[in-house]
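Structure record follows, encoded as structure tokens.
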Amino acid sequence: MKRSQGEGSHCPLVRRHFTQAGRRTVRGGSGWKSCGHPGGMEAAAEPGNLAGVRHIILVLSGKGGVGKSTISTELALALRHAGKKVGILDVDLCGPSIPRMLRVQGKAVHQCDSGWVPVFVDQEQSISLMSVGFLLEKPDEAVVWRGPKKNALIKQFVSDVAWGQLDYLVVDTPPGTSDEHMAVVDAMRPYSPLGALVVTTPQAVSVGDVRRELTFCKKVGLRVIGVVENMSGFVCPHCAALCPWTPRSRGAWRRAETSSGGSPRALRFLRSPA
Amino acid sequence: MEEVPHDCPGVGSAQAGRGASCQGCPNQGLCASGAGAAPDPAIEEIKEKMKTVKHKILVLSGKGGVGKSTFSAHLAHGLAEDENTQVALLDIDICGPSIPKIMGLEGEQVHQSGSGWSPVFLEDNLGVMSVGFLLSSPDDAVIWRGPKKNGMIKQFLRDVDWGEVDYLIVDTPPGTSDEHLSAVQYLAAAHIDGAVIITTPQEVSLQDVRKEINFCHKVKLPIIGVVENMSGFICPKCQKESQIFPPTTGGAEVMCQGLKVPLLGKVPLDPRIGKSCDKGQSFLVEAPDSPATLAYRSIIQRIQEFCSLRQPKGENLVGS
């Protein structure tokens with residue numbers, strides 16, 4: 001990570017990482033032309049960078065490894081297929097998976113008058129992405145940050161990235177109900193996020209964490225669009241049998257519906273071998 | 001969030017609060033007083049507490065959902081099968097505490113005695129502690145920022161009366177953040193035997209695990225080895241194996257060779273593992289003939305061998 005020398009990185013107020021990353025600006029002006037933003041504006045944080053975004057969807061789960069990043073990516077691709085312009089904000093700072101999923105790992109972040117230009121994953125610039133993965137010097141570098149530093153970067157991702165005009169901004173989150181989640185909900189509150197998609201697998205251990213995530217959504221006033229049950233089953237490539245990959249806990253599902261104050265719409269996805 | 005001086009010397013530096021670049025920093029007074037550099041007194045208290053704990057093992061992964069808690073639970077079950085071995089399982093996943101469910105201890109409560117908090121005992125020789133036992137309802141969300149989580153972890157390590165323990169297994173959440181830094185920081189003086197890192201074969205998992213390995217190197221945490229979980233799926237109908245998470249970049253084996261870290265073993269995905277976890281039972285007992293059980297037992301034995309080469313007081317006979 002481009003971070004301070006010596007022990008500066010341990011201070012909770014350090015924001016130098018992002019400033020230093022900004023020094024990787026495009027020389028010669030090609031980056032300025034491609035971002036499409038009018039010149040002459042201040043290079044400092046633009047408060048209105050989300051003003052052109054019509055809908056914001058947070059993809060959450062109390063549980064890790066249920067497929068949040070996969071669902072976020074597939075959702076963005078499906079929306080693009082439907083002719084929409086989509087942005088993806090990856091706020092999983094410790095484990096940023098989206099750049100690899102969209103095959104844009106190693107791309108550089110450029111700067112324009114309105115702030116940071118998100119990385120476009122296609123020629124048509126219909127999907128843009130911002131992730132801490134683009135700010136790491138080496139892909140294997142660990143982001144070993146405590147909460148305040150993570151909060152600072154997430155706030156910058158929200159306010160300093162020039163998203164432009166988007167139909168949807170999909171926000172991929174790490175598992176849990178902690179700093180990253182509170183930071184992104186607080187930062188996006190002025191923009192009235194559309195809501196949250198909560199992802200789970202059928203297993204009771206996963207559904208238990210989802211119940212806590214639904215409680216989190218209720219407490220922070222985040223509308224739950226629905227629950228996605230991922231990895232609902234596995235189709236054996238040898239005999240085509242549909243196998244329960246993890247057992248479904250019906251009791252846990254009933255408790256989840258009750259705790260969400262209603263019946264969240266549930267979508268189910270099967271897992272197929274790649 | 002306020003700006004930091006451009007050339008912040010660092011809170012632990014001799015120049016903290018005194019350098020020219022510190023002028024105007026809101027933390028200047030704190031750093032200049034030396035308070036920022038003073039060690040936490042809890043570290044010594046925890047060191048004292050941990051004198052009755054022979055071996056400490058952290059179970060880590062950069063990636064979520066790879067089976068850390070499942071592995072931690074079955075490592076505890078496996079070690080505790082010898083009734084002369086005292087085992088303690090500490091769950092520091094504050095936001096998503098899975099251990100109570102997996103160990104069949106949901107709904108249990110923690111009691112306090114004169115010598116501190118009592119862990120919840122599954123067996124006479126297997127005690128468990130988790131924030132899950134402190135919640136009044138299973139639906140309660142623990143919506144805490146880093147400092148509060150750190151405080152809880154400090155209490156778990158300092159105030160729980162573990163007694164005489166042969167193995168303390170610490171189950172962690174995914175990532176490289178507050179919980180991991182706190183666990184390493186508070187246990188540093190007490191000497192951690194090492195970390196077991198869990199992954200699945202897919203590259204999306206391995207890329208996070210490489211970061212975790214780098215984290216271990218950064219904080220000088222020895223690595224016992226890597227466990228590749230969900231290595232293959234045995235269809236219960238046709239008994240043929242398929243790859244749910246294809247190792248497109250060679251899986252954990254290639255990663256371990258490249259990073260010179262031991263591969264402790266590969267555990268295939270048996271659907272009965274999830275069922276056992278949901279029921280709160282030991283998979284090792286429920287399915288003793290499963291290839292997954294054999295893999296678990298082999299890995300547990302390798303971990304025991306690693307620990308037996310370390311002296312209880314932390315003198316390391318094995319290179320990290």
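In what follows, chains carry the letters A, B, and so on, assigned in the order in which the sequence lines appear, proteins first and then strands, with residues in each chain numbered from 1. The structure presented is a predicted model; accordingly, all values stated were derived computationally and were not measured.
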Check your understanding: If only atom types and distance count, is the side chain of A/S159 paired as donor or acceptor with the main-chain N or O of A/K155 below 3.5 Å?
Key -> yes

Taking A/T215 for its side chain and A/R211 for its backbone only, find out whether a donor-acceptor pair lies under 3.5 Å.
yes

When the 4.5 angstrom heavy-atom criterion is applied to A/P96 and chain B, the contacting part is both

Partner of B/D91 under side-chain contact (heavy atoms from CB on, under 4.5 Å), picked from B/S98, B/P173, B/P100, B/S72, is B/P100

If one checks every heavy atom of B/N150 against chain A at 4.5 Å, the contacting part turns out to be side chain

The interface call for B/P147 against chain A, heavy-atom contacts under 4.5 Å, is neither

Whatever's closer than 4.5 Å to a heavy atom in chain B on A/V66 counts as neither

With B/T249 as partner, the option from B/Q207, B/E203, B/Q202 fulfilling side chain to side chain donor-acceptor pair (under 3.5 Å) is B/E203

Applying a strict 4.5 Å limit to non-hydrogen atoms, the region of A/K219 in contact with chain B is side chain

Cut-off 4.5 Å, heavy atoms of chain A, and the answer for B/S137 is neither

So, the part of B/K279 with a heavy atom under 4.5 Å from chain A: the answer is neither

Residues at least two apart in sequence or cross-chain that pass side-chain contact (heavy atoms from CB on, under 4.5 Å) with B/K148, listed by chain then number, are B/W144

Sorted by chain and residue number, the side-chain contact (heavy atoms from CB on, under 4.5 Å) partners of B/V254 (sequence neighbours excluded) come out as none

Okay, B/L135 and chain A: the region with an atom under 4.5 Å from a heavy atom over there is side chain

Here the pair of heavy atoms bringing B/L60 nearest to B/C216 is CD1-SG, 3.7 Å

Applying a strict 4.5 Å limit to non-hydrogen atoms, the region of B/D178 in contact with chain A is both

Counting heavy-atom pairs under 4.5 Å with chain B, the top scorer among A/V205, A/D92, A/V220, A/T177 is A/T177

Under 4.5 Å to a heavy atom of chain B? For A/D209 that would be side chain

Using atom types as modelled and distance alone, determine if a side-chain donor or acceptor of B/H74 lies under 3.5 Å from a backbone N or O of B/S69.
no

